[in-house]
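In what follows, a structure is listed as structure tokens, so that the remarks can point back to it.
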There are 2 protein chains.
Amino acid sequence: MSNNPTPTLYDVSEKAGVSTATVSRALNFPDRVAEKTRKRVMDAVTALGYSPNFGARAMASRRTNTIGAVIPTMANAMFARGLQAFEEELRRHGFTILVASTSYQPNIEIDQIRSLVARGADGLLLIGHHRDPEIYDFLKAQDVPTLVTWAYDPSEPRPSVGFDNRVAMKAMANEVIKMGHTKIALISGESSLNDRADARIHGVEDAMADAGLDPSDLNIHETTFGIEEGARGFDAVMMSMPRPTAIMCSADVLAVGAMRRARELGISVPEDVSITGFDDLELAQVVHPPLTTVFVPHAEMGRRAGLALARQLTDGTPMGTTELATQPILRGTLAPPKDGTSD
Amino acid sequence: MSNNPTPTLYDVSEKAGVSTATVSRALNFPDRVAEKTRKRVMDAVTALGYSPNFGARAMASRRTNTIGAVIPTMANAMFARGLQAFEEELRRHGFTILVASTSYQPNIEIDQIRSLVARGADGLLLIGHHRDPEIYDFLKAQDVPTLVTWAYDPSEPRPSVGFDNRVAMKAMANEVIKMGHTKIALISGESSLNDRADARIHGVEDAMADAGLDPSDLNIHETTFGIEEGARGFDAVMMSMPRPTAIMCSADVLAVGAMRRARELGISVPEDVSITGFDDLELAQVVHPPLTTVFVPHAEMGRRAGLALARQLTDGTPMGTTELATQPILRGTLAPPKDGTSD
DNA sequence: TCGATTCATGCAAGCCTTTACATTGAACGC
DNA sequence: GCGTTCAATGTAAAGGCTTGCATGAATCGA
């Protein structure tokens with residue numbers, strides 16, 4: 001057995017007794033090569049254990065069939081379902097996806113985007129619209145089709161497939177208010193780093209305003225997304241005055257953290273305080289009582305995003321902007337406020 | 001503003017009035033270039049918005065500073081914490097990581113590994129030892145340092161950093177048995193696709209044998225990892241005879257699914273049936289009662305794996321095999337079996 | 001002041017594929 | 001039997017970067 005440091009196209013061509021061009025064609029356009037030749041080539045390929053050098057291929061063809069997805073975090077399941085559907089759809093169309101995460105840091109996001117582009121991503125999936133305009137300029141200059149998801153905002157010029165975070169959260173807030181709550185707290189993601197979180201805050205405020213409540217009474221606690229953070233957020237908002245009777249959370253992970261903390265403190269949900277979430281992860285139904293939350297069609301969103309990008313990259317079909325519907329799911333953590341607390 | 005389709009090294013070199021070699025050096029070995037020149041180059045780089053073509057760079061240098069991680073799934077948080085620590089450690093050493101998932105399908109794993117190697121991964125992180133030996137041959141032939149994690153088995157020849165799944169699960173089973181349980185069921189991952197799941201099964205059997213119970217009485221239900229699957233697994237094992245008094249699960253996600261189902265059926269945990277998990281995810285503490293489970297030092301494991309790989313790739317320090325300790329964490333879901341059920 | 005070092009830089013080959021274009025040979029129509 | 005097509009294959013350039021080697025300038029020691 002000879003020492004065989006990474007066989008190249010050339011090695012294959014020699015072994016098969018053809019030119020490198022033919023090998024390349026046999027691999028990429030099997031029908032543009034005679035049956036017999038193809039077989040000879042394939043045999044050589046397997047015999048040698050050849051696998052094409054990605055960099056070289058990318059350089060020569062100016063195409064990678066790779067799509068980059070830049071998400072804020074992999075640490076919780078928030079993006080998992082959507083991403084998985086995205087990946088599956090794209091795989092079906094012959095694309096591979098590269099995932100990068102940013103920890104919600106704008107500068108890391110920039111690095112990740114540049115890195116993905118340098119790696120030859122043919123297209124990009126981004127979460128939310130808001131980011132340094134320079135990035136969009138860069139992407140346009142590099143001619144990388146970019147699709148925004150997890151958000152829908154018709155006033156934005158870029159194509160997107162997502163939902164209206166503000167409207168979605170407003171609908172949930174409407175339910176909370178309808179239940180009789182007036183002292184509402186919100187445990188939210190960092191609005192400055194996260195336009196979805198920001199939109200959700202506005203959603204709650206919208207609902208309050210519509211109901212004749214003063215939006216400035218909304219007690220907002222901003223934090224990063226996580227179960228532990230939800231627990232700490234619970235402490236923070238429960239200590240503030242007036243004590244809220246309903247705590248809305250802009251993510252399920254925050255909500256279950258809050259619920260955990262409530263139990264630790266002997267505060268019962270929803271009797272003593274109502275809690276709502278956002279996302280409708282599986283998580284929402286393993287807690288008790290099951291979490292009232294906003295359903296988001298993650299899988300559908302991922303699938304459609306994948307399809308749009310695939311079409312754009314193969315047919316050139318331009319990507320449009322499509323809105324997906326969300327819906328408040330009433331389960332066990334939302335109930336009317338206790339009486340006697342009314343001022 | 002001229003139309004500037006992706007500036008190259010050459011463009012930069014012209015603008016800076018130096019050769020491409022100098023630009024390359026200015027970028028990669030800043031101290032091997034005169035201060036003034038470097039500044040001129042850097043200015044040109046930013047003016048042009050240059051960013052190096054990854055494929056070309058990889059091809060020329062035969063190095064990518066990229067490490068691939070192939071994990072079974074991103075769908076649940078099982079690998080998230082470990083992976084994040086891995087990524088952070090490696091980033092600190094100047095490496096980028098590429099994550100690919102396999103859905104526990106051996107053939108997908110092969111594809112992913114090949115793809116990562118073709119993409120030029122300088123090193124690889126794999127979960128568990130067990131896979132087609134051909135893969136290891138391939139990796140050796142391609143000269144890609146590979147580290148196994150999430151498992152520790154001194155009988156395996158490959159370097160690894162992980163824990164002994166069998167011993168870890170045995171320790172948990174010991175607690176269950178010590179509590180008085182004899183009718184034990186196990187909701188497990190697919191042992192044929194997952195050597196960790198297999199080892200955990202053996203761990204329970206070991207404990208039973210040690211306690212004088214017949215290991216063949218262990219009621220095993222194999223499924224894929226997921227909350228929903230845990231719920232279905234609960235149904236399955238509770239319907240079998242004899243009805244178990246303790247249900248061990250080889251993952252927390254399975255356990256919380258089982259707990260959810262128990263509540264839906266009005267079966268209380270741990271009064272009617274005990275349930276244990278494995279992993280000690282945050283999830284384990286948001287359910288009620290909090291889940292008795294096996295603590296696994298995910299973050300530590302990821303960090304060490306990252307360090308080992310980084311060392312190997314920079315210094316050439318060979319990667320060893322290191323074992324990490326796990327520990328049963330007794331919380332609320334394990335209690336003695338109800339009396340009267342004893343046959 | 002002059003040869004020997006050292007430092008900064010340039011030259012050009014090489015990395016592995018794809019692909020436009022050229023070539024070959026066979027099949028075909030007349 | 002001959003010119004024409006067409007399918008199959010080959011040739012060679014291009015793609016963007018790194019790096020061994022060569023070169024020239026500056027520095028140093030005596």
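The sequence lines fix the lettering, A, B, ..., with proteins before strands; numbering per chain opens at 1. Just so it is clear, the values below take in all heavy atoms, side chains as well, and ignore hydrogens, waters and symmetry mates.
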Task: Per-nucleotide protein contact string for nucleotides 9-15 of chain D (B base, S sugar-phosphate only, - none; heavy atom under 4.0 Å) - done: BBB---B
Distance, rounded to the nearest Å, where [X] contributes [atom1] and [N] contributes [atom2]:
X      : N      : atom1 : atom2 : answer
A/R63  : C/dT18 : CZ    : C1'   : 14 Å
B/K39  : C/dA8  : NZ    : C1'   : 19 Å
B/F29  : C/dA8  : CZ    : P     : 14 Å
A/R119 : D/dC17 : CZ    : P     : 15 Å
B/N53  : C/dC16 : CG    : C1'   : 13 Å
B/F54  : D/dT18 : CZ    : P     : 11 Å
A/L27  : C/dT19 : CG    : P     : 13 Å

TODO: For A/S61, report the nucleic acid contact type (base, sugar-phosphate, nothing); a contact means any heavy atom under 4.0 Å.
DONE: sugar-phosphate
Task: Under-4.0 Å side-chain N/O to phosphate OP1/OP2 contact, A/N28 with C/dT18 - done: yes
Task: C/dT17 OP1/OP2 closer than 4.0 Å to side-chain N/O of A/Y50 - done: yes
Open item on the list: Taking the side chain as everything from C-beta on, heavy atoms only, tell me whether A/L27 gets closer than 4.5 Å to A/P52.
Closed with: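 Not in contact.
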Open item on the list: Please report the interatomic distance CE(B/M78) to NE2(B/H298), rounded to the nearest 0.5 Å.
Closed with: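 Answer rounded to 0.5 Å: 8.5 Å.
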Open item on the list: Distance check, rounded to the nearest 0.5 Å: B/T66 atom OG1 versus A/R119 atom CZ?
Closed with: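 If we round to the nearest 0.5 Å, B/T66:OG1 and A/R119:CZ are 3.5 Å apart.
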Enumerate all atom pairs, one protein N or O and one N or O from nucleotides 23-26 of chain C, separated by less than 3.5 Å.
none

Task: Lys/Arg cation over aromatic B/F86: B/R303, 6.0 Å, 45° cone - done: no
- [ ] Using the six-membered ring of B/F138, assess whether NZ or CZ of B/R114 lies under 6.0 Å from its centre and within 45 degrees of the ring axis.
- [x] yes
Open item on the list: Under a plain distance cut-off of 3.5 Å, with no hydrogens placed, do A/N65 and A/R57 share a side-chain donor-acceptor pair?
Closed with: no
Open item on the list: Under a 3.5 Å distance rule, please check whether A/T314 uses its side chain to pair with a backbone N or O of A/A310 as donor and acceptor.
Closed with: yes
Open item on the list: By the salt bridge (Lys or Arg N to Asp or Glu O under 4.0 Å) test, which pairs, at least two apart or in different chains, include something from residues 21-36 of chain A?
Closed with: A/E35-A/R38
- [ ] In plain terms, say whether A/E88 and A/R91 are close enough for a salt bridge, that is, a side-chain N and a carboxylate O under 4.0 Å apart.
- [x] no
Task: Partner residues of B/F54 under the ring-ring contact (aromatic ring centres under 6.0 Å, His included) criterion, sequence neighbours left out - done: none
Side-chain donor/acceptor pairs under 3.5 Å, residues 95-105 of chain A, sequence neighbours excluded:
residue, atom, partner, partner atom, Å
A/T102, OG1, A/Y104, N, 3.0
A/Q105, NE2, A/S103, O, 3.4

- [ ] Work out how much the helix from C/dT1-D/dA30 to C/dC30-D/dG1 bends between its end axes, five pairs an end, to the nearest 10 degrees.
- [x]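 So the angle between the two local helix axes works out to 30°.
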